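Let me give you the structure first, and then I'll get to my questions.
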Amino acid sequence: MSRPEPKSRRRVPEPDQRRPDQRPRPADGPPPARPPRPASPLRPARLPYLPRLPHRQALWPYLLVAPTVLGGVLLLGYPLVRNLLISFQRYGLGELIRGDAPFVGLRNYRTVLSDPEFWEVVHRTLWWTVVNVVLIMVIGTLVALMMLRLGRWMRILVTSGLVLAWASPVIATTTVFQWLFASRLGVVNWLLVRLGFESFEGYSWLADGPAAFTVLVLLVVWQSVPFAAITLHSALLTVPAELYESARLDGAGSRRIFRSITLPILRPIFGLVLCLEVIWVFRCFAQIWAVTKGGPGEATTTLPVYAYRVAQSLHRYDLGAAVSTLTVLLLVAVLIAYFRQLLRQEADR
């Protein structure tokens, strides 16, 4: 009696029993490799795979930033180094024409620091910066808080107005303010006279020191508030609404909510906006020079205007460069003092 064949063993058909389309297969070894398919004329052949190297990914962000950094070095670094070099030279009109400027060391700095007018300008510049920055931050914060309570369309309208005021050219806005405060045909004098202030009939705002200072403060605040308001409003939108609701349920008022919730959360944004406004106001030049040129007298002369007047009026480019360098150092010292105070407060918390 024959033994049954196990199921796991597969019967190989005889050569004469194979199908006509079935290829012979060797008994041992892997199947034969397929011949390479010719590349289609419409489809290019594949290139060999190149692995992505890690250092390429690490260098890519630096390559993207390189043009901006290079442009900043050329546009800001070279003038700063050149100004610092001139401040250590005797550089007047003759040296500007001839091209040879001898080094005099710290003599220009001693001349500037020993001038009482320089220290008067420093005090006026600090006062100018404090007044403008305080008004900008207070008004910008109030406008940002107001925009949170407005409806959609009114908020869009207010934001559009702020953007237009911010995007207006400096000289164009300055010219408009000159028309507004003109002595004979100015809108401000006409409105004040209609309100009963007869003393403002033909009043010259730019001929009086405090009045000219006030006009310039209003001009700079008008141009700077939109940036502060839009930035702070964007930051206020990131504060969770649940915190405000919990505080109101606990009986906290608007002032307490702002002091205990909004201000601590947005302290970095407030610090950033404050630093930017200090820098912009401290180096403000175009508005002052276009409206008063530092006058009347010296009532609106700040450090940038003083440096320009010394360099251009007296043709003492070396003294002007020294004043500019001292201006930068003074601004850096103010910012360093602020950052130290800010870091100390963060450490105490």
Side-chain angles (χ1 to χ4, degrees), residues 76-134 170 174 205-217 219-220 275 277-338 340:
L76 300 177
Y78 174 75
L80 184 62
V81 174
R82 180 60 176 167
N83 181 83
L84 184 63
L85 181 63
I86 293 176
S87 66
F88 292 102
Q89 296 175 328
R90 188 181 65 192
Y91 205 95
L93 186 60
E95 288 76 13
L96 179 64
I97 296 174
R98 292 192 302 267
D100 55 338
F103 283 89
V104 295
L106 299 175
R107 190 174 68 181
N108 294 325
Y109 291 95
R110 287 195 295 266
T111 303
V112 171
L113 294 176
S114 61
D115 187 4
E117 183 181 0
F118 171 77
W119 294 107
E120 294 179 2
V121 174
V122 170
H123 294 157
R124 189 180 303 113
T125 304
L126 294 177
W127 173 244
W128 159 268
T129 304
V130 170
V131 171
N132 280 279
V133 171
V134 169
V170 174
T174 303
W205 289 84
L206 303 181
D208 182 62
F213 190 89
T214 303
V215 172
L216 290 174
V217 168
L219 173 59
V220 173
C275 291
E277 295 297 342
V278 168
I279 294 173
W280 291 340
V281 172
F282 197 90
R283 64 179 184 85
C284 179
F285 171 79
Q287 297 90 329
I288 300 175
W289 188 258
V291 176
T292 63
K293 292 182 172 57
E298 303 292 334
T300 58
T301 300
T302 57
L303 281 173
V305 178
Y306 178 72
Y308 183 81
R309 292 175 66 174
V310 169
Q312 295 296 325
S313 301
L314 304 178
H315 299 291
R316 292 299 306 272
Y317 307 108
D318 47 1
L319 296 181
V323 174
S324 300
T325 304
L326 292 174
T327 302
V328 174
L329 294 178
L330 182 60
L331 179 59
V332 171
V334 171
L335 293 178
I336 289 177
Y338 170 74
R340 289 185 60 184

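Keep in mind that the numbers below use all heavy atoms, side chains included, and drop hydrogens, waters and symmetry copies. Computed from a predicted structure; not experimentally measured.
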Shortest non-hydrogen contact between Y109 and S87, atoms and distance =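 Reported closest heavy-atom pair: OH-OG, 2.7 Å.
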
Within a strict 4.5 Å, meaning less than it, do heavy atoms of the V332 and I336 side chains meet?
->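 Yes - at least one pair of side-chain heavy atoms lies under 4.5 Å apart.
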
Smallest separation among heavy atoms of A307 and S324, with atom names =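 For A307 and S324, the tightest heavy-atom pair comes out as CB-OG, 3.7 Å.
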
Do the rings of Y306 and F118 sit parallel, tilted or perpendicular, given the 30° and 60° boundaries?
->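 Tilted: the ring planes of Y306 and F118 meet at 30° to 60°.
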
What is the minimum heavy-atom distance between G209 and P296, and which atoms define it?
->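 Scanning both residues, the minimum pair turns out to be N-CG, 3.6 Å.
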
Is the shortest heavy-atom distance from the side chain of W119 to the side chain of L113 under 4.5 Å?
->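 Counting from C-beta outward, W119 and L113 do come under 4.5 Å.
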
Carefully, step by step, assess F103 and L85 under the rule side chain to side chain contact (heavy atoms under 4.5 Å, CB included).
-> CA-CA 9 Å; F103 283 89; L85 181 63; 3.5 Å; yes

Measure from the side-chain N and O atoms of N108 to the backbone N and O of L319, and report whether any donor-acceptor pair falls under 3.5 Å.
->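 Here the side-chain-to-backbone pair does not exist.
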
Pairwise side-chain contact, L206 with V291, heavy-atom cut-off 4.5 Å (strictly under) =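 With C-beta onward as the side chain, the pair touches.
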
F88 versus L106: any side-chain heavy-atom pair under 4.5 Å?
->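 Answer yes - side chains close enough.
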
Looking at L219 and Q287, what are the two nearest heavy atoms and their distance?
->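 What the structure gives for the nearest pair is CD2-CB, 3.7 Å.
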
Side chain to side chain contact (heavy atoms under 4.5 Å, CB included) assessment of W128 paired with L216 | CA-CA 10 Å; W128 159 268; L216 290 174; 3.7 Å; yes

Between the side chain of R124 and the main-chain N/O of T301, is any donor-acceptor distance below 3.5 Å?
->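 Side chain of R124 to backbone of T301, a donor-acceptor pair under 3.5 Å: yes, one is there.
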
Heavy atoms, side chains only, cut-off 4.5 Å: are T125 and T129 in contact?
->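 Of all side-chain heavy-atom pairs linking T129 with T125, at least one is under 4.5 Å.
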
Heavy-atom pair with the smallest gap, counting every atom of R309 and K293 |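 Closest approach of R309 to K293: NH1-O, 3.8 Å.
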
Give, for atom OG1 of T302 and atom CH2 of W127, the distance between the pair rounded to the nearest 0.5 Å.
->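 CH2 of W127 is found 15.5 Å from OG1 of T302.
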
Donor-acceptor pair, T300 side chain versus G295 backbone, under 3.5 Å?
->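 Side chain of T300 to backbone of G295: a pair is present.
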
Keeping the roles fixed (side chain from S114, backbone from T111), state whether a donor-acceptor pair exists under 3.5 Å.
->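 Checking the backbone N and O of T111 against the side chain of S114, a donor-acceptor pair under 3.5 Å is found.
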
Might you confirm whether atom CZ of R340 has over 12 heavy atoms from other residues, nucleotides or ligands at distances under 6.0 Å?
->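 For R340, atom CZ is not crowded (no more than 12 foreign heavy atoms under 6.0 Å).
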
Taking every non-hydrogen atom, the tightest pair across V220 and C284 |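 Here V220 and C284 meet closest at CG2-SG, 4.0 Å.
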
Should T327 and F282 count as side-chain neighbours, where that means a heavy-atom distance under 4.5 Å?
->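 Side-chain contact under 4.5 Å: yes.
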
Got a second to check how far E95's CD is from I97's CD1, nearest 0.5 Å?
->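 The distance works out to 9.5 Å.
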
Measure the acute angle between the ring planes of Y91 and Y317, then classify it against the limits of 30° and 60° as parallel, tilted or perpendicular.
->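 Plane angle over 60°, so perpendicular.
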
Flag side-chain contact, heavy atom, 4.5 Å: R90 against D318 =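 Yes, at least one pair of side-chain atoms sits under 4.5 Å.
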
In Å, rounded to the nearest 0.5 Å, how long is the span from CG of L330 to OG1 of T325?
->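 Rounded to the nearest 0.5 Å, the CG-OG1 separation comes out at 12.5 Å.
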
Start with the C-alpha gap between V281 and V131, add the side-chain angles, then the distance that decides, and say whether side chain to side chain contact (heavy atoms under 4.5 Å, CB included) holds.
-> CA-CA 10 Å; V281 172; V131 171; over 6 Å; no

